[in-house]
Amino acid sequence: MSGPSPASAALAREPDPGPDAVAVGLADALLAAEWTVRGLTAAAGEAIDGPTRFWRPLARALVRALPRAPHDDPRTLVTLIARDPAFGDAVADARVHGRPLRIVHHAPVTQEARSADPRLLRVGTVADVARLLHLTVGELDWFADPGRWNRRVERGPLQHHRYEWRTRPGRTPRLLEVPGFRLRDLQRIVLDEVLAAVPLHDAAHGFVPGRGAISGARRHVGREVVIALDLTSFFARVTAGQVFGALRREGLTDAVAHVLTGLCTNSVPPGVLSGMPAGGSPEQRSALRHALSVAHLAQGAPTSPALANVALRRLDSRLAGYACAAGATYTRYADDLAFSGDATLAGRADAFVRGVGRIVGDEGHELNPAKTRVRGAATRQVVTGVVVNQGTNTVRSEYDRLRAVLHNAARTGLEAQNRAGHPDFAAQLWGRIGWVEQLNPERGARLRAAFARVPR
């Protein structure tokens, strides 16, 4: 099944499609999703404008009946959907409330729809992917490692990653999964030539061309309350199944999505996990160990931030809708979630955070309660390191530290202040000054003047 059927493609224009037509469109959406109860439930909720409480029972029934997605027999899936009691209840409930079910998101996208962007068109087959990466199909298979053979060894020529544990006082340690030079080069090509073509949700500001920490922070300036939340083990909780489903929803074929998922995800060998240093509660350590043991986005791969944005598009949609219903604004920068609103939101901030937590949990992630911040207008409100009370600004302590470094450097020289041993300290300072200037031009001008007085 290479694309949606004509019936599903027409549903968006049909105000009252029949149940059979809806079942066809829903089957298209489910075939592009991860074939799990969670994946099918999410795909149905994204595809259909209608009640959502029926999709989990439907997903359970489909997974029980079909251990694997029936890509070669979509008619069987359509029949199972149409005959399922949960689907029948959804149709009946929609009729009672005067809102017939409609398909609002079609997947997978047809080859013709993808042809508008040549970066997606050029990877229609595995051979196309190999050609793009200047590999043979056999070499591509080696790097993608579909059987996960290479992931079972800790080091040596079979292992494509290098592992570094980073301890954090009072918290669970962090594992850097650094791809080898060759794999990293391949991932950068995938990032530039394939992933750059995939549209993202407007709420995503991290690692998105034309957006960033400042563009996201500006959405929250001058609000009565700002709520900042953090996702735990962000990359490790984005599974290979979620990545595969996201790529399929962009219209990539099953085989291409499979090989790209293999190139860009990793599962950590048991020997590396057994060397986890101290830190965190037993429950947190167990959860991290489990997340790292299954295929996931590696923290260290250049493709991970972009793929996380693609895989979290449904979470962004749900949180944006939840925020809109509460009169709030939502943005996300990687694992940092930010919400802001008026006095009504401020008065029910705790309940709002609990609602966000339920949505986040339903999408396979978890909030870090230690990093939950609810700040009213009378206190300093910070979003991704940017103060947003009355306009974007730097945190005063950071500005003061930078000004002190420049003041001392004017007397002692740059290298005397380079206590961290930065290889190009002048460029690093210039970058920090540029960051301040974007947020507060007046402060930035003062820092530029101080930098001009430093002997070089």
Side-chain angles (χ1 to χ4, degrees), residues 38-39 41-46 51-53 55-56 171-172 200-208 211 213 215-239 242 246 281 283-284 287-288 291 297 305 308-377 379-386 388:
R38 182 190 298 276
T41 302
E46 185 176 359
T52 61
R53 64 182 181 278
W55 304 140
R56 186 172 293 276
R171 300 166 59 190
T172 53
L200 303 174
H201 195 278
D202 289 342
H205 286 261
F207 312 102
V208 180
R211 308 180 205 169
S215 66
R218 283 179 178 148
R219 300 281 304 277
H220 304 283
V221 169
R223 308 305 295 272
E224 185 66 27
V225 65
V226 171
I227 301 172
L229 306 172
D230 181 82
L231 300 176
T232 63
S233 304
F234 178 53
F235 289 126
R237 286 178 178 265
V238 180
T239 66
Q242 291 172 324
S281 68
E283 294 78 13
Q284 292 170 330
L288 177 60
L297 291 181
N309 281 337
V310 176
L312 266 67
R313 194 163 49 190
R314 175 175 166 81
L315 174 62
D316 288 334
S317 296
R318 293 187 64 183
L319 290 179
Y322 182 68
C324 181
T329 298
Y330 161 67
T331 61
R332 179 179 59 81
Y333 187 94
D335 56 353
D336 293 326
L337 313 181
F339 303 86
S340 61
D342 57 15
T344 302
L345 180 65
R348 59 183 298 269
D350 290 344
F352 183 84
V353 171
R354 288 194 296 272
V356 171
R358 287 191 293 270
I359 295 173
V360 166
D362 191 44
E363 295 295 326
H365 289 266
E366 182 180 355
L367 294 179
N368 184 351
K371 289 191 174 182
T372 297
R373 301 286 185 270
V374 179
R375 295 288 183 263
T379 61
R380 187 177 69 185
Q381 299 169 326
V382 179
V383 175
T384 58
V386 179
V388 296

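These numbers were taken from a predicted model, which means no experiment stands behind them.
- Legend: salt bridge (Lys or Arg N to Asp or Glu O under 4.0 Å) pairs involving residues 328-353, not counting sequence neighbours, sorted by first then second residue: D316-R332.
- In this structure, CD1 on I227 lies 10.5 Å from CD on Q381, to the nearest 0.5 angstrom.
- Within the 4.5 Å cutoff, no side-chain heavy atoms of T232 are placed close to those of K371.
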Walk me through whether T172 and E283 qualify under side chain to side chain contact (heavy atoms under 4.5 Å, CB included). CA-CA 10 Å; T172 53; E283 294 78 13; over 6 Å; no
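- Scanning both residues, L345 and A328, for their nearest heavy atoms gives CD2-CB, 3.8 Å.
- Taking all atoms of both residues into account, the shortest heavy-atom contact from A246 to A311 is CB-CA, 4.0 Å.
- Taken from CG in D362 to CZ in R56, the straight-line distance is 5.5 Å, to the nearest 0.5 Å.
- Residues passing the ring-ring contact (aromatic ring centres under 6.0 Å, His included) test with F207, sequence neighbours excluded: Y333.
- Residues V388 and V382 are not in side-chain contact: their nearest non-hydrogen atoms beyond the backbone lie 4.5 Å or more apart.
- Judged as a salt bridge (charged side-chain N to carboxylate O under 4.0 Å, His left out), and not counting sequence neighbours, the contacts of E363 are R314, R318.
- Between R38 and G361, the closest heavy-atom pair is NH1-O, 3.6 Å.
- Using modelled atom types, no side-chain atom of R380 and backbone atom of A377 make a donor-acceptor pair closer than 3.5 Å.
- When every heavy atom of H201 is checked against every heavy atom of S317, the shortest pair comes out as CD2-OG, 3.3 Å.
- The heavy-atom pair separating H205 from G216 by the smallest distance is ND1-N, 3.3 Å.
- E46 contributes no side-chain N or O that, together with a main-chain N or O of A43, makes up a donor-acceptor pair within less than 3.5 Å.
- The only option from N368, L312, L297 that meets the side chain to side chain contact (heavy atoms under 4.5 Å, CB included) definition with F234 turns out to be L312.
- L367 has its side chain out of reach of R354: every pair of non-hydrogen atoms, C-beta onward, lies at least 4.5 Å apart.
- Residues satisfying the side chain to side chain contact (heavy atoms under 4.5 Å, CB included) criterion with T372, sequence neighbours excluded, are L229, V353.
- At a threshold of 4.5 Å between non-hydrogen side-chain atoms, the residues H365 and V238 count as touching.
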Where do V360 and L337 land on the side chain to side chain contact (heavy atoms under 4.5 Å, CB included) test, with the steps shown first? CA-CA 11 Å; V360 166; L337 313 181; 4.2 Å; yes
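- In this structure, the side chain of R237 does not engage the main chain of E366 through any donor-acceptor pair within 3.5 Å.
- For A351 against Y322, the heavy-atom pair with the smallest separation is O-OH, 3.8 Å.
- Pairs of residues two or more places apart, or lying in two chains, never qualify as salt bridge (Lys or Arg N to Asp or Glu O under 4.0 Å) while including a residue from residues 215-235.
- Looking at T384 and T331, their side chains never come closer than 4.5 Å, going by heavy atoms from C-beta outward.
- For the ring-ring contact (aromatic ring centres under 6.0 Å, His included) test, residues two or more places apart in sequence or in another chain that qualify with F339 are Y330, F352.
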